[in-house]
Protein chains: 2
Amino acid sequence: MTRCESVVGRDRVFREPADVVGYHDAFSVLSDDPHIPSAAVAPADIDELQAVVIAANEHKIPLWPISKGQNLGYGGAAPVLKGAVIIDLSRLNRILEVNEKYAYCEIEPGVGFFELHRYLEDNDIDLWMSVPGYAMGSVMGNALERGAGAQPYGDHAAQICGMEVMLANGEIVRTGTGAMSNSTTWHTEKFGFGPSWDGMFCQSNFGIVTKVGLWLMPAPEATMSAVLSFSEEKDLATAIDSLYPLKRQGLIEHNIAVLSYVGLASYTAPRSRWYRGEGVMPEEIGAKLRAELGLGWWTSFLTLYGYADVIEAQAKKITELLQDSIAPPTFNRWKKGDPMEFSGAGIPSARDIQMINWRGGRGGHLGFSPLLPADGRLAYEQYQRARDSFHEVGLDYYGAFAIRDRSIININEILYNRDDRAMCEGVQQLFPRLIKEAAAHGYSEYRTHIDYMDAVVDTLDHNQHAMARLNHAVKDTLDPQGILAPGKQGIWPARYRHKS
Amino acid sequence: MTRCESVVGRDRVFREPADVVGYHDAFSVLSDDPHIPSAAVAPADIDELQAVVIAANEHKIPLWPISKGQNLGYGGAAPVLKGAVIIDLSRLNRILEVNEKYAYCEIEPGVGFFELHRYLEDNDIDLWMSVPGYAMGSVMGNALERGAGAQPYGDHAAQICGMEVMLANGEIVRTGTGAMSNSTTWHTEKFGFGPSWDGMFCQSNFGIVTKVGLWLMPAPEATMSAVLSFSEEKDLATAIDSLYPLKRQGLIEHNIAVLSYVGLASYTAPRSRWYRGEGVMPEEIGAKLRAELGLGWWTSFLTLYGYADVIEAQAKKITELLQDSIAPPTFNRWKKGDPMEFSGAGIPSARDIQMINWRGGRGGHLGFSPLLPADGRLAYEQYQRARDSFHEVGLDYYGAFAIRDRSIININEILYNRDDRAMCEGVQQLFPRLIKEAAAHGYSEYRTHIDYMDAVVDTLDHNQHAMARLNHAVKDTLDPQGILAPGKQGIWPARYRHKS
């Protein structure tokens with residue numbers, strides 16, 4: 001720590017509990033939180049970071065690198081391993097390049113969605129972003145965790161094109177064509193020569209990503225947007241079976257989310273506005289709420305992006321394809337020059353975090369996110385199981401089913417009051433049950449909270465957990481002292497492996 | 001070898017020169033070919049393969065696994081390392097699943113494009129393939145080498161979703177959600193939990209891929225196809241600058257290739273039809289040839305795939321966008337039920353291999369494939385340099401510039417007569433020069449011939465070849481005896497590393 005202080009300056013090493021608390025998981029449901037870091041260090045640049053990593057490697061100090069620490073619902077800034085030192089990369093916040101012709105940016109970990117958006121606006125750059133529902137975090141951090149947005153470039157990890165990574169020994173490697181020092185295609189071409197490493201540094205503890213190329217969306221001439229409303233609970237199956245073909249045939253470019261009403265309501269007000277009782281909000285209250293807010297049980301949003309005449313033709317085809325299952329969508333039209341808020345562009349917002357106020361008190365949320373095939377019946381059955389499990393511990397169900405190319409990411413948000421111990425204990429009962437139930441149906445998770453990384457890896461049991469052995473072999477090679485994010489995604493360095 | 005024979009049967013171990021010659025590089029320009037394998041073994045199934053790999057690992061026998069060995073232009077079936085034993089996986093040729101709803105197939109290495117195409121036809125499955133110009137090879141093998149087709153799913157490596165891989169110790173691992181033994185999304189979802197491994201087994205010697213999930217294209221209702229012709233050599237810049245925006249804005253889904261006339265002519269007849277002289281074919285002969293075949297200097301092909309009304313609107317927009325730079329394209333229309341040969345679907349063919357007859361004798365071709373940004377001027381300059389280098393050794397220039405999302409893969413096909421020693425020596429002078437010239441401009445290669453893998457890796461010099469060190473670290477961990485494809489993509493196991 002003294003060496004850290006000499007590298008980054010005393011004012012950038014945080015050891016006081018009052019400072020370190022900012023790196024706790026603010027939404028933890030545990031009364032004795034096992035994810036408390038011992039300190040945090042905020043290097044100013046790559047050189048300082050390198051000096052810190054080399055020192056940690058020498059002294060075998062476990063680190064937990066974060067971009068902006070806004071991985072809310074999955075642990076925030078907090079480390080899996082108690083006592084790990086947070087490496088806060090939020091000061092590495094340069095937008096190194098935005099290339100309009102080739103539609104990419106090169107950024108550091110500390111660049112947030114708001115900063116990148118402002119940069120594009122201020123410089124009149126005709127590129128659009130994809131943003132997650134809660135956009136206070138890091139653009140890079142979100143992509144590395146495979147976060148998603150509602151826009152055509154919404155699969156954020158898929159937009160990664162070329163990284164710079166610091167390994168545990170402080171060595172810097174560039175992936176893709178960036179392996180050539182004078183590369184002119186580092187961020188324009190994902191093909192490199194030889195094995196492709198970009199995916200290996202996503203949801204990973206094999207290195208610290210210090211720069212990333214991310215593709216942005218060339219702005220369209222026009223958009224058309226529609227809200228689809230499904231009035232009954234059981235309509236989830238219809239919604240998915242009607243909308244998946246639009247995605248499959250390329251009529252809709254973005255992932256199509258189907259959201260339950262509790263989530264949309266939670267963005268507007270806490271539950272107490274409609275219901276002050278204990279336990280699950282009764283269905284008759286839900287019906288009243290939906291009527292008041294003009295919501296269906298499920299809601300979905302479609303946006304077409306492109307040339308005006310082309311998207312008109314697409315909209316007509318979509319209306320035709322949906323006519324037997326869904327009321328005709330009403331499209332709102334936007335064209336270049338109209339107010340951006342109606343465009344369907346990704347505009348950063350912190351709106352969605354209001355969901356944590358649903359149950360009152362110091363709120364929190366926890367994401368349970370299994371992957372399913374894109375099938376209405378399977379989704380509805382998974383929904384029913386999850387709903388029943390939520391209800392059993394007195395929690396209202398909130399979930400979104402995001403239809404992707406051939407599958408669904410089902411994000412269930414568990415909303416709770418951290419001041420209600422019984423509720424927090426309910427969450428702790430609920431979560432492992434959800435993992436187990438999903439695994440019994442062949443559904444693994446795409447992402448999980450730091451409490452449950454080992455539990456999820458336990459479900460990845462093909463050939464006696466061959467994938468875990470493979471990851472561990474690489475971990476031991478690239479990080480023999482085990483300093484980088486021990487336990488992240490269930491990957492433990494050799495010296496901590498008994499913990500898993 | 002005796003142990004191999006006891007595993008796979010004596011008739012599936014090939015040691016006689018007359019048998020092994022089938023695994024040589026049939027297009028080698030070297031008089032003393034350093035890539036001669038010592039033997040070949042053709043296991044019948046995964047169990048036999050596993051027994052062979054375990055035996056090789058025990059006895060430190062270098063292996064060179066191939067799918068169907070049709071990596072023509074890049075070495076065919078031949079190993080980098082002289083004396084390596086070919087593991088011929090062409091008998092592992094099961095189509096394990098084709099899923100129409102989720103538009104994927106699960107296949108083994110020995111499944112060829114023709115076999116998969118026939119399977120789709122015979123079973124009336126409404127999915128289309130993407131095929132390379134020469135389609136005698138393996139569907140999986142082509143994807144693993146990052147081969148390309150002219151169709152919307154033409155980036156074959158990008159269609160990979162979930163692999164089964166045998167490691168050097170014989171252990172079997174499944175990637176993505178396949179790490180869960182009862183996974184229902186192995187081939188529908190690329191997101192797994194933790195680091196993503198699929199890219200690591202492309203252009204790689206970290207394992208032997210034994211099964212792969214590949215996404216196929218849901219058949220469209222209609223297509224519209226146009227041929228664009230550019231009459232002057234210098235039109236390459238215009239072609240690229242006019243066509244890249246169509247790709248960038250999503251109007252064209254497939255990669256847009258711009259091909260020089262020698263290639264298209266070579267598919268129809270050898271050069272002797274037009275010219276019987278030595279050295280480079282004179283431009284006046286080229287002009288005559290183009291007039292006779294109705295070709296431009298450069299030719300490009302556009303196809304729109306989708307719903308009839310939508311692609312009509314796209315075609316109209318494309319015509320409008322091109323009007324200032326290119327003569328209006330004439331679109332041919334195809335709709336479901338019309339003869340498939342006019343559809344723009346990927347239909348396997350061996351046509352392109354006729355290019356090897358261009359110079360007469362026992363022909364050959366060698367691919368030089370740098371990556372450039374999608375810019376007309378840069379492409380034209382790269383073309384000029386390559387053309388001059390071709391001409392200097394008496395070879396006609398043939399190249400294609402495939403416009404991708406933000407970059408270009410420039411595939412230069414060196415066509416020669418293997419019976420002409422002087423010409424073969426010219427090729428050997430030419431190739432290193434092309435690599436060097438491209439590298440000087442920051443262009444790395446996406447793929448290369450077995451002769452030049454080390455030379456290409458030499459150009460990947462960022463941070464004193466940090467990427468090579470990273471690959472070697474992983475190689476030594478996953479394959480400590482160094483048995484899997486030593487030298488592939490310049491990745492040498494420790495015991496051979498002095499060779500690089």
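This is a predicted model, so every value here is computed, not measured. Every chain is numbered from 1, with letters handed out A, B, ... down the list of sequences.
Heavy-atom pairs under 4.5 Å with chain A peak, among B:A179, B:A313, B:A466, at B:A179. Looking only at heavy-atom pairs under 4.5 Å with chain A, the residue among B:W215, B:Y443, B:F206 that has the most is B:W215. Considering only heavy-atom pairs separated by less than 4.5 Å from chain B, the leading option among A:H465, A:E171, A:E145 is A:E171. Contact tally against chain B (heavy-atom pairs below 4.5 Å) for A:D405, A:L371, A:N463, A:L470: the top residue is A:L470. Per-residue counts of heavy-atom pairs under 4.5 Å with chain B were compared for A:K317, A:E253, A:Q314, A:H187; the largest is that of A:K317. Across B:Y305, B:Y104, B:Y244, the residue that shares the most heavy-atom pairs under 4.5 angstrom with chain A is B:Y244. Of the listed residues (A:A374, A:S183, A:A473), the greatest number of heavy-atom pairs within a distance under 4.5 Å of chain B belongs to A:A374. Interface summary for chain B: among A:V474, A:D375, A:D476, A:V457, the most heavy-atom pairs under 4.5 angstrom belong to A:D375. The choice from B:A219, B:G192, B:G250 that makes the most heavy-atom pairs within less than 4.5 Å of chain A is B:G192. Heavy-atom pairs under 4.5 Å with chain A were tallied for B:I491, B:D155, B:L378; the largest tally goes to B:D155. Note: B:S444 leads B:S444, B:A468, B:S204 in heavy-atom pairs under 4.5 Å with chain A.
For A:L144, no part lies near chain B; criterion is any non-hydrogen pair under 4.5 Å. With a 4.5 angstrom heavy-atom cutoff, B:L372 touches chain A only via backbone atoms. With a threshold of 4.5 angstrom between heavy atoms, B:F193 approaches chain A through its backbone and through its side chain. Proximity to chain B is limited to the side chain of A:L251, based on heavy atoms less than 4.5 angstrom apart. Both the backbone and the side chain of A:F191 come within less than 4.5 Å of a heavy atom in chain B. Looking at A:D198, neither its backbone nor its side chain comes within 4.5 Å of chain B, counting heavy atoms on both sides. Contact of B:I318 with chain A is not made at all, since no heavy-atom distance falls under 4.5 Å. In this structure, no portion of A:I311 lies under 4.5 Å from any heavy atom of chain B.
Closest non-hydrogen pair, B:A168 versus B:L478, comes out as CB-O, 3.5 Å. Shown here for A:G207 and A:V165, the closest heavy-atom pair between the two residues is CA-CG1, 3.8 Å.
A:E189 pairs with exactly one of B:R406, B:R404, B:R146 by the salt bridge (charged side-chain N to carboxylate O under 4.0 Å, His left out) rule, that one being B:R404. None of B:D479, B:L484, B:I172, B:V173 except one satisfies the side-chain contact (heavy atoms from CB on, under 4.5 Å) rule with B:L167; the exception is B:V173.
Within the 4.5 Å cutoff, the side chain of A:V456 has heavy atoms near those of the A:E445 side chain.
Between the side chain of A:Q50 and the backbone N or O of A:G170 there is at least one donor-acceptor pair closer than 3.5 Å. A donor-acceptor contact shorter than 3.5 Å links the side chain of A:W186 to the backbone of A:T175. Using modelled atom types, no side-chain atom of B:E164 and backbone atom of B:T210 make a donor-acceptor pair closer than 3.5 Å.
Look at A:E381 and A:R377 and you find a salt bridge, because one of the NZ, NE, NH1 or NH2 atoms lies within 4.0 Å of a carboxylate O, short of that distance.
For NZ of A:K436, the number of neighbouring non-hydrogen atoms (other residues, nucleotides, ligands) closer than 6.0 Å is 12 at most. B:K101 NZ: more than 12 foreign heavy atoms inside a 6.0 Å radius. More than 12 heavy atoms of other residues, nucleotides or ligands shown are found within 6.0 angstrom of NZ on B:K247.
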